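Let me begin by presenting the structure, written as C-alpha cells, before commenting on it.
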Protein chains: 2
Amino acid sequence: MHDNNKQTAAARIFSELQQAILDGQLLPGSKINEAELATRHGCSRGPLREALQRLEGLRLIQREAHVGARVISLSDQQLTELYQVREVLEGLACRLAATLMTKQAKDELKTLLDTHRRYLEEDGQQKYYPQAGDLDFHYLLIRSSQNALLISQLGDELYPLLQLYRRQFRDSGYQQPELAYKEHLHIAEAIMEGDGELAEMLMRKHIARARKRLKYILTT
Amino acid sequence: MHDNNKQTAAARIFSELQQAILDGQLLPGSKINEAELATRHGCSRGPLREALQRLEGLRLIQREAHVGARVISLSDQQLTELYQVREVLEGLACRLAATLMTKQAKDELKTLLDTHRRYLEEDGQQKYYPQAGDLDFHYLLIRSSQNALLISQLGDELYPLLQLYRRQFRDSGYQQPELAYKEHLHIAEAIMEGDGELAEMLMRKHIARARKRLKYILTT
DNA sequence: CAAGCTAAGATTGTTAACAATTCTGGGTCT
DNA sequence: AGACCCAGAATTGTTAACAATCTTAGCTTG
C-alpha cells in the first residue's frame, strides 16, 4: 500500500492561484505573467500553465493565444447570467434533496438553522456568521442532491465564480439576514416533508429574489 | 491588422481528440498514452497535455496523477444525472428564449419545424434527418437564450457528454420522432407567444420523458 | 505633430531531455 | 500454487532552452 498523499505541483499551484483570485490577491482584470507567477510559486512554467488551463475551465481567468491570461472581470450582465443558471441548478438540488436526504443530513440541517436563528436573536448586526451560515445551508442542500454532476457544477464551477463576483461588487450576498432565514426555514420544511416540487420552487424564488435585489443595487 | 486565423497546436489537438472520442475512435474506458497520441497527432507532449486538461474539464476523460488518463465510461446513474441537469438548464433556455428570441431566430425555428414535419410525412422510417433536426432544434433554443454561461454549459459541456453517452448506450435519442415533433411544436408555440413559464415547463417535460424512456430501456 | 514603420525586448507556445512514480515480469520463499 | 519482493521497463511529471508571436519604444516621413 503506497501513500497517496503527494499531490502534483500543478495541482498545488492551481489551488494556490484559485485561492489568490478569490482572496483578492489577484485582482479582476489583472494580467497574469507566467514566468513571474511560476517563480513566485516555486515551479517552472509547465505546471503553472496546467493550473492556468484549469482556472480557465472554471472561468476564473480568460486566455488568448499568444497574448496571455487575465483574471476575469465581470459585467452586470454576466452576474445576472450566473444567478439565472444558479437558480435552476439549486432548484434541482432541492427537489432531489427532498427525496434523497439522509436522516443524518436532516439533523445537520436542523442544527444549522437553529444556530442561524440564535445568532439573529442575539445580534442582528453580526454579519459574519450568517454569511458563512448561508454558504453552509446551500452547500448542505447541494450535497444532499446526490447528483455528482450537479454537485460539481455548483460547488466547483459556479460558487467560486459567485464568490469572486461578490468580492468584485462588494456584495455580502446576505444583506437581509432575517428574510433569508425565514426563506431558508420554508425551504427546509418543504424538504423535511419530502415535497420536492415545493422545495424547488421556494429555492428558485429565494435565489431570484437575491438576483433582483442585486440588479436593483447595481442599477441605482 | 494581423491575420488571427492561426490556432495553437494545443487547440488543434484538443479538437481532434474531442472529435475522436465522440466519433468512437477512442473508446470509453480506453487508456490514453501521451507519447503515442502526441506523435500520432504530430506534436510533442506539452500541447497534448494541455488538450487533455481541457478534455478533463469537459468531463470527457478522467485523469489520475502518475497513472494517466482514460476516456470516461459512463454508468446508468451518471446518465440520469446528466439528464436531470440538462432538464433544468434547457428549461431555463426556453424561458429566456420566449422573451428574447429575435424575429430571425423565430423564422429559423419555423423553417426547422416545417422541414421536420415534411420528413416525417415523407418517410417515418428515415431516422438520420430527425436526429440532426432534433439537435438543431435544441441548439437554436439554447442560443436564443442569450445567456453566454448557459450556452457554454449546455453546448460545450453537456451536449458532448450526451453525444458520448448516446454512442456508448447505442441510443439514437430520437426513437419516437412523431411524439418528439409534437412536443417540439408545442414548445415552439409557447415561445412564439412569449409564454416563458409554459415553454420552460414543456421543455422540462420533453426531456424528462426522454430520460424516463432511457431509464426504462436500461433496466429491461 | 501625428501616423506609420522597424527593430529590439518581452511574453507565450513548443520541444526534448531529465526526474519521479507506477507498472510489469520473473524469481524466491513458505 | 500463491504471496511477496525486486529490478528493469514504461509512463507520467517537471524543467530549461528554443521558436514564434506580440508589444513597445524610437525613428522616419508626410
Side-chain angles (χ1 to χ4, degrees), chain A residues 1-21 25-73, chain B residues 1-21 25-73:
Chain A
M1 201 68 68
H2 294 231
D3 279 354
N4 223 354
N5 305 358
K6 262 192 199 169
Q7 61 178 352
T8 184
R12 179 175 57 81
I13 309 300
F14 165 75
S15 294
E16 292 176 5
L17 286 181
Q18 169 161 320
Q19 204 57 45
I21 292 174
Q25 298 162 31
L26 287 175
L27 294 175
S30 63
K31 179 133 188 344
I32 285 173
N33 184 312
E34 294 184 358
E36 182 209 335
L37 264 191
T39 57
R40 184 182 319 167
H41 288 265
C43 72
S44 67
R45 283 175 54 222
L48 181 108
R49 283 171 64 89
E50 286 212 9
L52 292 184
Q53 199 81 30
R54 281 188 69 181
L55 289 172
E56 187 185 24
L58 299 188
R59 301 172 218 275
L60 287 174
I61 69 173
Q62 286 179 323
R63 300 175 80 192
E64 197 179 346
H66 301 292
V67 175
R70 309 189 89 89
V71 179
I72 198 175
S73 176
Chain B
M1 199 67 69
H2 294 232
D3 279 356
N4 222 353
N5 306 358
K6 261 191 198 169
Q7 61 177 349
T8 184
R12 180 176 56 83
I13 311 299
F14 165 74
S15 294
E16 292 176 6
L17 286 182
Q18 169 162 310
Q19 205 56 46
I21 291 174
Q25 298 163 29
L26 287 175
L27 294 175
S30 63
K31 179 132 186 346
I32 285 173
N33 184 312
E34 293 184 0
E36 182 208 335
L37 264 192
T39 58
R40 183 181 321 167
H41 288 263
C43 73
S44 68
R45 283 176 53 224
L48 181 110
R49 283 171 64 88
E50 286 210 10
L52 292 184
Q53 199 81 30
R54 280 188 69 182
L55 290 172
E56 187 184 23
L58 299 188
R59 303 179 157 84
L60 287 175
I61 68 173
Q62 287 178 322
R63 299 175 80 191
E64 196 179 348
H66 300 291
V67 174
R70 311 191 86 91
V71 179
I72 199 175
S73 177

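A, B, ... follow the sequence lines: proteins, then strands. Residue 1 opens every chain. Given the structure is predicted, the values throughout are model-derived calculations rather than measurements.
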>> What does the B/S/- profile of nucleotides 6-13 of chain C look like, 5' to 3', with a 4.0 Å heavy-atom cutoff to protein?
In response: -----SBB

> Between C:dT15 atom C1' and B:H41 atom NE2, what is the distance in whole Å?
Replying inline: 18 Å

>> Quick one, B:L37 and B:I13 - any side-chain contact, counting heavy atoms below 4.5 Å?
In response: no

>> Using side-chain contact (heavy atoms from CB on, under 4.5 Å), reason through B:L60 and B:L17 one step at a time and then give a plain yes or no.
In response: CA-CA 10 Å; B:L60 287 175; B:L17 286 182; over 6 Å; no

> Can you find a pair of side-chain heavy atoms, one from A:V71 and one from A:L27, that are under 4.5 Å apart?
Replying inline: no

> At what distance, to the nearest 0.5 angstrom, does CD of A:Q25 lie from CD of A:E16?
Replying inline: 10.0 Å

>> I'd like to know if the side chain of B:R70 reaches the main chain of B:G29, judged simply by a donor and an acceptor atom lying under 3.5 Å from each other, with no hydrogens or angles considered.
In response: yes

